Amino acid sequence: MNSNAIDNDRNIPLMDVKRQYNTIKNEINEAVISVLQSGMYIMNTNSDSQVVQLEKMCEEYLQVEYTIGVGNGTDALVISLRAAGIGTGDEVIAPAMSFFSTAEAIAIIGATPVFVDCNKNTFTIDVEQIEEKITHKTKAIIPVHLYGQCADMDAILLIAKKNNLVVIEDAAQAFGACYKGKKAGTIGDIGCFSFFPTKNLGAAGDGGLIVTNNKKYACAARAYRVHGSGLNGAYVYYDTMNIEDIESKEGVLSKYNNFLIGYNSRLDEIQAAILRVKLQYIDQWNERRRQFAAQYRQSIVNNDIKLPYCSNDNLHIYYTYVIMSQKRTQLMEYLDSQGIKTGIYFPIPLHLQRAFESLGYQEGDMPVAEKIASNSLAIPMFAELEEDERIQVINCLNHF
Ligand SMILES: *Cc1c(COP(=O)(O)O)cnc(C)c1O
């Protein structure tokens with residue numbers, strides 16, 4: 001027994017990436033060692049590149065034309081926005097409750113995030129409040145599939161079509177989740193994933209993925225991840241905007257033809273090798289999360305606690321299991337005293353972040369997002385959570 005197992009006798013973690021590693025240790029070790037032995041540490045466009053092979057696997061799993069491995073989920077958003085031609089002076093609509101980088105990505109490229117409050121049931125962007133925020137400067141909407149549940153994509157696509165907006169899904173918390181049978185990330189124009197270690201599909205370091213069915217966006221994104229270079233014929237796209245030309249020139253232009261100011265944001269070969277192993281387990285792991293969520297839903301009964309809502313349109317993968325309580329601080333302290341670790345996603349809504357002070361939002365502007373920030377609590381949820389641990393979580397919540 002390692003020391004981790006002993007710790008776990010006393011504490012129930014919120015998430016535990018070490019346990020997952022231990023279940024597939026040999027496969028992961030082999031994958032990592034094979035990269036080390038290959039001497040190929042940075043992706044290239046050869047078919048033996050781990051990144052290229054992972055992209056193929058993801059294209060198949062997600063049923064999408066193009067996937068582009070990048071350095072992290074934040075860069076996936078930044079590069080997607082730029083690939084869609086969005087920049088200085090543009091406005092991009094985003095929900096007020098998300099991880100900071102959803103809004104950060106918009107601001108980094110010189111655009112302005114315009115926040116919309118959340119739906120009071122699902123906590124994803126409130127589609128009823130999007131249209132009133134659209135101006136002549138609005139270029140895109142970034143719905144966030146918060147906690148592993150997709151936003152109301154049909155309504156969002158309708159609004160986008162009517163107003164000629166690009167839809168970039170922030171699916172960082174939702175790898176493998178579905179909306180009306182479609183995989184998260186593949187429903188809008190572009191989808192972004194994060195492979196941050198604690199995400200439901202996580203690497204052993206940073207990683208991210210852009211997915212799209214749009215060849216122009218894919219070419220531009222491929223160029224942006226390698227210094228805006230002409231690899232994959234993306235050069236041609238910007239010169240002519242002609243798809244046939246891209247196809248005929250694909251691979252012809254050399255690495256040192258740079259036509260855009262891009263980024264150094266490739267997905268790492270070692271991370272890609274690890275993710276290729278993990279992708280084989282993702283459905284199994286997501287299914288376990290769903291089962292544990294069903295067990296929580298059935299067994300947690302306490303008037304001071306509200307359980308998460310899942311709409312019928314969604315296959316929720318419960319990246320986090322978020323409950324609501326007006327007595328959050330007491331609840332958190334009580335659970336902690338019982339060895340149960342919890343987390344808050346996220347304690348400050350985006351419109352009230354100091355970094356966005358200049359946008360002029362006030363407390364009270366986004367009541368639902370603010371309530372999530374003050375009342376929500378994530379309880380232990382990961383595929384390797386043991387039965388006795390789940391029962392202890394349930395008992396403590398019922399006893400509180
Ligand atoms: C994790 C996360 C990101 C950012 O991903 P990184 O890989 O950490 O850059 C973006 N959006 C959401 C909703 C996230 O949860």
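Atoms within a ligand are numbered from 1 in the order they appear, just like the ligands themselves. This one's a predicted model, so the numbers in the text were calculated from it and none came from an experiment.
- Counting only non-hydrogen atoms, the option in Val70, Asp75, Asp170 that gets closest to atom 13 (C) of ligand 1 is Asp170.
- The nearest pair of heavy atoms linking Leu331 to Ser325 is CD2-CB, 4.0 Å.
- A donor-acceptor pair under 3.5 Å is formed between the side chain of Glu389 and the backbone N or O of Glu386.
- Checked against a 3.5 angstrom limit, the closest N/O atoms of Ser98 and ligand 1 fall outside it.
- Taking 4.0 Å as the cut-off between side-chain N and carboxylate O, Lys56 and Glu59 do not count as a salt-bridged pair.
- No close placement of the Tyr321 and Phe292 rings is indicated, their centers lying 6.0 Å or farther apart.
- Under the 4.0 angstrom criterion for non-hydrogen atoms, His145 is not in contact with ligand 1.
- Between Phe99 and ligand 1, not a single N/O pair is under 3.5 Å apart.
- Heavy atoms of Val144 found under 4.0 angstrom from ligand 1 belong exclusively to the side chain.
- Smallest separation of non-hydrogen atoms from Leu315 and Gly176: CD2-O, 4.3 Å.
- Arg289 and Ala383 make their closest contact through CG-N, 4.4 Å (heavy atoms, listed as atom of the first residue, atom of the second, distance).
- A pairwise comparison of heavy atoms in Ala273 and Val35 identifies CB-CG2, 3.5 Å as the closest pair.
- Interface atoms of ligand 1 facing Thr102, defined by a heavy-atom separation under 4.0 Å, are 11 (N).
- Less than 4.0 angstrom separates some heavy atom of Gly73 from each of these atoms of ligand 1: 5 (O), 6 (P), 7 (O), 9 (O).
- For Lys133, the NZ atom sits in a packed shell: over 12 heavy atoms of surrounding residues, nucleotides or ligands are nearer than 6.0 Å.
- Below 3.5 Å of separation, one finds an N or O of Thr74 facing an N or O of ligand 1.
- Atom 10 (C) of ligand 1 has Ser101 OG, 3.1 Å as its closest protein atom, hydrogens excluded (heavy atom only).
- No heavy atom of Gly208 sits closer than 4.0 Å to any atom of ligand 1.
- With distances taken over non-hydrogen atoms, the option nearest atom 5 (O) of ligand 1 out of Ser194, Gly202, Gly205, Ala103 is Ser194.
- By heavy-atom distance, the residue among Glu104, Gln173, Lys199 lying nearest atom 2 (C) of ligand 1 is Lys199.
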